[in-house]
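Presented below is the structure to which this report refers.
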Amino acid sequence: MNVLIIGAGIAGLAAADRLVEHGLGPDQIRMVDKSRGVGGRMASRRLTCELGEARFDHGAQFFTSRSSEFAALVDAAVRDGAVTEWTRGFGAEPDGHPRWRGTDAMTALAKWLQHRAGVTPELGYRIDDLGRELAERPATAVIHTAPVPQALATMAFCGLLPEPGLAHRLAQIQYQPTITVLVVPNDAPDGLPPFGASQHHDDPEHPDLAFVADNQAKGISEVPALTIHLSNATSELLWDEPDSVLLERALAAAAHLLGPAANPDRIVAFQVQRWRYAGPVACWPEPTVLWGTDPIIALAGEAFDGPKVEGAFRSGRAAADAIIRRGE
Ligand SMILES: Cc1cc2nc3c(=O)[nH]c(=O)nc-3n(C[C@H](O)[C@H](O)[C@H](O)COP(=O)(O)OP(=O)(O)OC[C@H]3O[C@@H](n4cnc5c(N)ncnc54)[C@H](O)[C@@H]3O)c2cc1C
């Protein structure tokens, strides 16, 4: 068996790790990712500016570990120093569940898992037409971890889609966008709790906000470095607005948390990231979907087992298990 894994996010890496547990060697696993690094939406970015080096987690901010299989992984990553506890809740009263973060950034868990699996992804390698790719480099199985609309698009014209009923149901999986504004302020924010973050779920008082973090207080940046995730609804509404408008809106929305750091005249640098596929509106009821025999194709990722890092991890493993079972 040789398996092509598309995507070096947590789902793809979990699949690779699981295939290795099933006895596949590194020469039987080919992993590609269109990005320059591993981690996918567990993303981090550096910005060098006059204050020093600002570092941001600009996708996922933290993860929880509720299932035993993910908890075991997190424990091992904590032991190796790749992951550390951030806080036990974002509200006034901690709820007791650890929220984990990468020790030096969220990509740390992905890098650590890549190392454990022993795979070397081909980075900057984008697959647009899966049929053409497999004609050039055949695989007995494919695990596709891109957001579902993107995954289906790579199979649209080459006869690799599943039977029409399943294809139709998969095509119904929709995603919500998130606009993320990254800001280096001259002044540290003064309204965030000591661990440096505030979470907002459908917050009627702050409808524009989803999450605000100071990556310096979080422990990954030398200088104040704000990540402001706008809410899905506001992101949808403002999607086509220029970056300068998004900066203004984000600073205004988070002003009560930022204090002097919300002053637009004292911003040192900023960037905007638009996540078109930030998370699924609703999840598929199974952790993976499988079809075909030559090749076997499995979809995996956060749309299949919960719209979070942990769900994506579990889905990647489930896809690897399903492929091994089908191949036996
Ligand atoms: C703004 C934001 C905030 C979030 N906050 C949290 C949070 O706080 N906690 C939490 O648990 N989760 C959070 N999430 C969700 C979490 O990031 C995801 O659930 C998880 O990272 C998804 O992993 P994945 O492997 O399924 O997909 P991804 O991480 O998206 O990985 C898919 C990979 O496939 C690659 N790819 C796609 N198409 C192709 C192609 N055609 N060819 C080659 N490569 C391709 C991509 O480059 C990507 O690296 C957040 C997500 C976003 C966007």
Side-chain angles (χ1 to χ4, degrees), residues 4-16 30-44 56-66 70 74 86-87 90 97 99-102 106-107 109-110 113-114 121-130 132-133 142-156 175-182 197 199-201 210-213 218 227-232 235 272-280 283-284 287-288 299-319:
L4 168 64
I5 300 177
I6 303 173
I10 193 74
L13 292 164
R30 178 177 173 228
M31 175 178 271
V32 301
D33 198 296
K34 64 183 180 182
S35 303
R36 282 177 298 152
V38 301
R41 278 168 275 178
M42 297 178 81
S44 64
F56 303 87
D57 284 330
H58 67 287
Q61 298 295 301
F62 65 91
F63 44 91
T64 48
S65 56
R66 294 175 197 273
F70 192 57
V74 172
W86 183 10
T87 175
F90 295 97
H97 291 295
R99 269 60 164 192
W100 305 101
R101 64 172 177 83
M106 285 294 279
T107 40
L109 178 65
L113 189 53
Q114 179 207 334
E122 293 167 40
L123 297 173
Y125 193 103
R126 179 194 176 107
I127 293 186
D128 291 316
D129 180 338
L130 186 56
R132 200 170 59 208
E133 183 66 30
V142 177
I143 299 178
H144 210 322
T145 70
V148 178
Q150 295 182 319
L152 295 179
T154 65
M155 302 176 220
Y175 287 74
Q176 309 188 78
T178 295
I179 290 174
T180 300
V181 182
L182 307 176
Q199 191 173 31
H200 302 263
H201 280 309
F211 202 89
V212 180
K218 186 178 186 180
T227 299
I228 306 173
H229 288 324
L230 297 180
S231 64
N232 297 131
S235 299
V272 172
Q273 165 85 33
R274 290 171 178 78
W275 299 98
R276 167 50 74 197
Y277 299 102
C283 279
W284 189 261
T288 184
L299 298 189
E302 50 142 14
F304 295 92
D305 208 2
K308 297 280 169 207
V309 169
E310 177 167 11
F313 169 83
R314 286 160 48 92
S315 173
R317 277 173 76 89

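Just follow the structure's listing: the first ligand is 1, and inside any ligand the first atom is 1.
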Does the side chain of Val309 come within less than 4.5 Å of Phe62's, by heavy atoms? no

Does Arg276 have more than 12 heavy atoms from other residues, nucleotides or ligands lying within 6.0 Å of its CZ? yes

Looking at Leu130, Leu299, Asp33, which hits side chain to side chain contact (heavy atoms under 4.5 Å, CB included) with Ile6? Leu130

Interatomic distance, CG@Leu182 vs NE2@His229, rounded to 0.5 Å, equals 8.5 Å

Does ligand 1 come near enough to Ala278 that some N or O of the ligand is less than 3.5 Å from an N or O of the residue? no

Going through the distances and angles, do Arg99 and Gln61 end up as a side chain to side chain contact (heavy atoms under 4.5 Å, CB included)? CA-CA 9 Å; Arg99 269 60 164 192; Gln61 298 295 301; over 6 Å; no

Hey, does Thr178 come in under 3.5 Å of ligand 1, counting only N/O atoms on both sides? no

If you measure from the Lys or Arg side-chain nitrogens to the Asp or Glu carboxylate oxygens, is any gap between Lys218 and Asp57 under 4.0 Å? yes

Would one find an N or O of Pro147, backbone or side chain, under 3.5 Å from an N or O of ligand 1? no

Just do the side chain to side chain contact (heavy atoms under 4.5 Å, CB included) check on Phe313 and Ile10 with the steps written out, would you? CA-CA 6 Å; Phe313 169 83; Ile10 193 74; 4.1 Å; yes

Note the single closest protein heavy atom to atom 44 (N) of ligand 1, along with its residue, its atom name and the distance in Å. Lys34 N, 3.1 Å

For Tyr125 and Glu133, test the side chains for any donor-to-acceptor distance below 3.5 angstrom and give the result as yes or no. yes

Sub-4.0 Å atoms of ligand 1 with respect to non-hydrogen atoms of Gly39: 29 (O)

Numbered atoms and elements of ligand 1 in range of Gly7, under 4.0 angstrom, heavy atoms: 33 (C), 34 (O), 35 (C)

In ligand 1, the atoms that come under 4.0 Å of a heavy atom of Lys308 are 10 (C), 11 (O), 12 (N), 19 (O)

Identify, for atom 1 (C) of ligand 1, the protein heavy atom at the shortest distance, and state residue, atom and that distance. His229 CE1, 3.4 Å

Return the closest protein heavy atom for atom 12 (N) of ligand 1 as residue, atom name and distance. Val309 N, 3.6 Å

Protein heavy atom at shortest distance from atom 41 (N) of ligand 1: Ile127 O, 2.8 Å

With heavy-atom distances below 4.0 Å as the criterion, list the atoms of ligand 1 near Gly301. 26 (O)

Does Phe313 come within less than 4.0 angstrom of ligand 1, counting non-hydrogen atoms of the residue? no

Under 4.0 Å to a heavy atom of Thr145 - the qualifying atoms of ligand 1, by number: 32 (C)

Ligand-residue contact atoms, ligand 1 with Gly9, heavy atoms, under 4.0 Å: 25 (O), 29 (O), 31 (O)

Among protein heavy atoms, which sits nearest to atom 8 (O) of ligand 1, and what does the distance come to when rounded to 0.1 Å? Gln61 N, 3.1 Å

Would Ala11 count as a polar contact of ligand 1, with the cut-off being nitrogen or oxygen pairs under 3.5 Å? yes

Give the atom numbers and elements of ligand 1 that come within less than 4.0 Å of a heavy atom of Arg126. 42 (N), 43 (C)

If you scan protein heavy atoms around atom 19 (O) of ligand 1, the nearest is Glu302 OE1, 3.0 Å

For atom 17 (O) of ligand 1, which of Ala60, Ser235, Ser35, Ala151 has the closest heavy atom? Ala60

Applying a 4.0 Å heavy-atom criterion (strictly less than), which segment of Trp275 is in contact with ligand 1: side chain, backbone, both, or neither? side chain

Please list the nearest protein heavy atom to atom 27 (O) of ligand 1 with its residue and the distance rounded to 0.1 Å. Arg41 NH2, 3.0 Å

Nearest 0.5 Å, please: how far is CD in Gln150 from NZ in Lys34? 4.5 Å

Closer than 4.0 angstrom, basic N to acidic O: yes or no for Arg30 and Glu122? yes

Give me the ring orientation class for Phe211 and Phe90: parallel if the planes are under 30° apart, tilted from 30 to 60°, perpendicular past 60°. perpendicular

Is there a polar contact between ligand 1 and Asp128, counting only N or O atoms under 3.5 Å apart? no

Output for pair (Leu152 CG, Thr154 OG1), nearest 0.5 Å, gives 7.5 Å

Measure from atom 15 (C) of ligand 1 to every heavy atom in Pro307, Gly279, Gly316, Ala303 and give the option owning the shortest one. Pro307

Answer with side chain, backbone, both or neither: which part of Tyr277 has a heavy atom less than 4.0 angstrom from an atom of ligand 1? neither

Among all protein heavy atoms, pick out the one at the shortest distance from atom 7 (C) of ligand 1; state its residue, atom name and that distance to 0.1 Å. Phe62 O, 3.4 Å

Heavy-atom nearest neighbour of atom 48 (C) of ligand 1 within options Asp33, Thr154, Ile179: Asp33

